[in-house]
Amino acid sequence: MALINCPECDAQVSDVAESCPKCGYPIAQAKQVRNGVGKTQAIEKTSKYYKIQQLNAALLAVVGVIMLVAGVGTGGVVVAVLGGLGTAAGLVWYIVASTGAWWHHG
């Protein structure tokens, strides 16, 4: 156990303390960020969110293509139009999710 200076108020604080007793600055979280632990966790959570978005977008595009083919094959204009719209929306959603994953990666 060693004494370190608080990054916020410069008071002497134990390195195993959860927070600074003088100002309340979270010492344990500051140590995790310095070691790279906190930043990695945020990237993992962001990455999961965008992977789920990409999966949902791909599923929408696939269902749209199936509806489009079924609508054209049977002569169902409404089904074909909905399939085309679903395919287009799925592709746009996938591009937006991929761009978001790239943008928030680092």
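Residue numbers count from 1 along this sequence.
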Taking the side chain as everything from C-beta on, heavy atoms only, tell me whether [X] gets closer than 4.5 Å to [Y].
| X | Y | result |
| --- | --- | --- |
| Lys22 | Cys6 | no |
| Ile27 | Pro7 | yes |
| Val78 | Leu82 | yes |

I need the minimum non-hydrogen distance between [X] and [Y], along with the two atoms involved.
| X | Y | answer |
| --- | --- | --- |
| Ala80 | Leu68 | O-CD1, 3.2 Å |
| Cys20 | Cys23 | SG-N, 3.5 Å |
| Trp93 | Gln53 | NE1-OE1, 3.0 Å |
| Met67 | Gly83 | CB-CA, 3.7 Å |

Any chance you could measure [X], atom [atom1], to [Y], atom [atom2], to the nearest 0.5 Å?
| X | Y | atom1 | atom2 | answer |
| --- | --- | --- | --- | --- |
| Tyr94 | Leu55 | OH | CG | 9.5 Å |
| Cys9 | Tyr25 | SG | OH | 10.5 Å |
| Asp15 | Ile4 | CG | CD1 | 6.0 Å |

- Check whether any side-chain N or O of Thr87 sits under 3.5 Å from a backbone N or O of Val65 as a donor-acceptor pair, and report yes or no. yes

- Item | Hphob cluster co-occupancy, Val77 + Leu85, side-chain heavy atoms under 4.5 angstrom | yes

- Message: Heavy-atom count check: over 12 atoms from other residues, nucleotides or ligands less than 6.0 Å from Glu18 CD?
- Response: no

